[in-house]
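Heads up: the structure comes next, in structure tokens.
When a ligand or atom number is given, it counts from 1 through the structure's own listing order.
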Amino acid sequence: MPIKRNIDELIGNTPMLKMPTVRTDWEIYLKLEYFNPAGSFKDRTALALMNAAEKSGKLKKGMEIFESSSGNTAKTLAMLSASRGYRFTAVVDNHAPSDKLNSILAYGGKLHFCTEEEDSKGGHLVDVRRNIAKKLAKEKGGINLDQYDNPENPLGFYNTLGKEIFEQIPDTDYLIGTIGTGSSLSGSGRYLKEHGNTKIIALEPKGSSHFSPVGHGYFISGPGYPAGAILPKNINTSLFDKHDYVSDKEAFNTMRFFAHQKGLLVGDSSGMVLYYAMKFIKGEPVSEKIKKIVLIIGDSGESYLSHAFNDNWMIEKELIDEQINQELGKFYI
Ligand SMILES: Cc1ncc(COP(=O)(O)O)c(C=O)c1O
């Protein structure tokens, strides 16, 4: 194995794992993005955004980066800021699991918790977070990289995640991923569509409102967009062949099943795609030709230890569902 010279070189080229199921006519492959150094596919976001900002001259040595995040983008920006000599402040709210926030602090980043009252423009808390990150960057002579609207984010996924999946499984029939800013699935999905014959399935948490103006609260913290917030420009819905929802219960019980039964410690959006893949295949007729599904396993379960992997938290929130566990056990073998 070649010797790597810095953290950047550890990002990407993640493994693909085949997951056996009872259906031999469908093959499920897991693109294990938690092998990235900060534990999620958002390492690709941070790398793309930072590289582009440095190249344009907008990001200069010693500057402070301010970014609004549900946790993972901030975690990886904190990591790369440490390795490249920048200061970093994550603009967050209480929706982010404490494990992700502690990781940001562990990399030497700072946290700015925001409230709706803080922003004169008001709006949804996600919009407030985004405005505050921009405002702080302006006031303090720093920079906001804007993972939501900056086209470098999906482009980074097109050039790396999409290309890698195509090289690993060129005949992917379906790519299943989740949507927050929409960058990871829009970028990787575009690559697969341009180079092969792949259909894209986009999932969001039940209650999230990418495709509907109404929604309700949910505990899933990575993907999703709450009702009333201004949608990010980076999502390209025209690429999606199908769109659906997965609930907190389905996602969290699936995370726990894979940790307990398969030794795979994965995050909330991974629980969503693993649950949905089972539901989707069960609804499909037997196929003569083998069909291949690739699932984006976006992050590690280590970011949810005080959350979905905490029995007391799950019981308190009435999220334990033994039936989901049994259903998964009959499908994933
Ligand atoms: C674990 C996880 N999965 C999925 C997503 C959604 O990714 P994207 O913002 O590229 O749509 C996020 C976003 O933060 C995430 O942290």
Side-chain angles (χ1 to χ4, degrees), residues 14 30-36 38-49 67-78 90-93 95-97 99-101 103-104 126 129-130 145-158 160-162 175-191 200-205 208 210-211 218-226 229 231-237 239-240 243 246 248 251-252 254-255 265-276 295-304 307-308:
T14 54
L30 313 187
K31 179 68 170 159
L32 299 180
E33 286 290 288
Y34 66 79
F35 275 72
N36 283 302
S40 87
F41 62 176
K42 291 288 185 168
D43 285 12
R44 301 181 191 266
T45 295
L47 191 61
L49 296 182
E67 188 69 26
S68 157
S69 166
S70 62
N72 275 330
T73 300
K75 186 174 164 183
T76 181
L77 281 170
V91 181
V92 294
D93 58 46
H95 193 65
D99 309 276
K100 289 183 189 172
L101 302 180
S103 297
I104 297 165
V126 172
R129 263 205 266 128
R130 294 182 61 184
L145 298 174
D146 193 6
Q147 60 162 333
Y148 305 87
D149 290 350
N150 186 338
E152 296 294 339
N153 189 2
L155 186 61
F157 282 103
Y158 176 92
T160 67
L161 183 60
L175 174 68
I176 307 184
T178 60
I179 43 176
T181 69
S183 309
S184 51
L185 194 60
S186 303
S188 58
R190 182 164 73 85
Y191 190 97
I200 312 297
I201 303 181
L203 303 177
E204 61 181 319
S208 152
H210 272 110
F211 282 82
Y218 49 89
F219 288 111
I220 291 170
S221 66
Y225 231 72
L231 288 179
K233 292 200 180 108
N234 282 343
I235 190 160
N236 182 353
T237 52
L239 289 166
F240 306 152
H243 157 262
V246 178
D248 284 337
F252 296 162
T254 305
M255 289 161 75
L265 194 62
V266 300
D268 58 10
S269 60
S270 312
M272 288 172 68
V273 293
L274 285 159
Y275 181 83
Y276 189 81
L295 308 182
I296 300 176
I297 302 300
D299 73 343
S300 161
E302 283 188 8
S303 290
Y304 307 83
H307 192 255

query = Can you find an N or O of S184 that's nearer than 3.5 Å to an N or O of ligand 1?
reply = yes
query = At what distance is the nearest protein heavy atom to atom 15 (C) of ligand 1, and which residue and atom is it?
reply = G222 CA, 3.5 Å
query = Does N72, backbone or side chain, put an N or O under 3.5 Å from an N or O of ligand 1?
reply = yes
ask   = Would you call F157 a ligand 1 contact, heavy-atom distance under 4.0 Å?
value = no
key: N/O separation below 3.5 Å, T181 to ligand 1   = yes
Residue and atom name of the nearest protein heavy atom (relative to atom 4 (C) of ligand 1), distance in Å to one decimal = T178 OG1, 3.2 Å
inquiry  = Is the shortest side-chain heavy-atom distance between F41 and T14 below 4.5 Å?
reply    = no
query = Are V273 and I297 close enough that some pair of their side-chain heavy atoms sits under 4.5 Å apart?
reply = yes
key: Residue pair N36 / T76, side-chain heavy-atom distance below 4.5 Å   = no
Validation row: P223, E204 side chains within 4.5 angstrom (heavy atoms) = no
task = Using a 4.5 Å cut-off on heavy atoms from C-beta on, say whether the side chain of L239 contacts that of L185.
result = no
task = Could you tell me if any non-hydrogen atom of G267 lies under 4.0 Å from any atom of ligand 1?
result = no
remark   = Rounding to 0.5 Å, atoms OH (Y191) and CG (L155) come to a distance of 12.5 Å
query = Is the shortest heavy-atom distance from the side chain of I235 to the side chain of F240 under 4.5 Å?
reply = yes
ask   = Considering only protein heavy atoms, which is closest to atom 14 (O) of ligand 1, and at what distance to one decimal place?
value = K42 CE, 3.2 Å
key: Nearest neighbour in protein (non-hydrogen) for atom 3 (N) of ligand 1   = S269 OG, 2.7 Å
query = Does a side-chain heavy-atom distance below 4.5 Å link V126 with P226?
reply = yes
Ligand 1 contacted by S183 (non-hydrogen, < 4.0 Å) = yes
query = S70 heavy atoms, cut-off 4.0 Å: which ligand 1 atoms fall inside?
reply = 14 (O)
Taking atom 6 (C) of ligand 1 as the reference point, the nearest protein heavy atom with its distance = G180 N, 3.5 Å
message = List ligand 1 atoms under 4.0 Å from I179, heavy atoms only on the residue side.
response = 11 (O)
ask   = Hey, does G182 sit under 4.0 Å from ligand 1 if you only count heavy atoms?
value = yes
request  = Answer whether the closest heavy-atom distance between the side chains of R190 and F157 falls below 4.5 Å.
outcome  = no
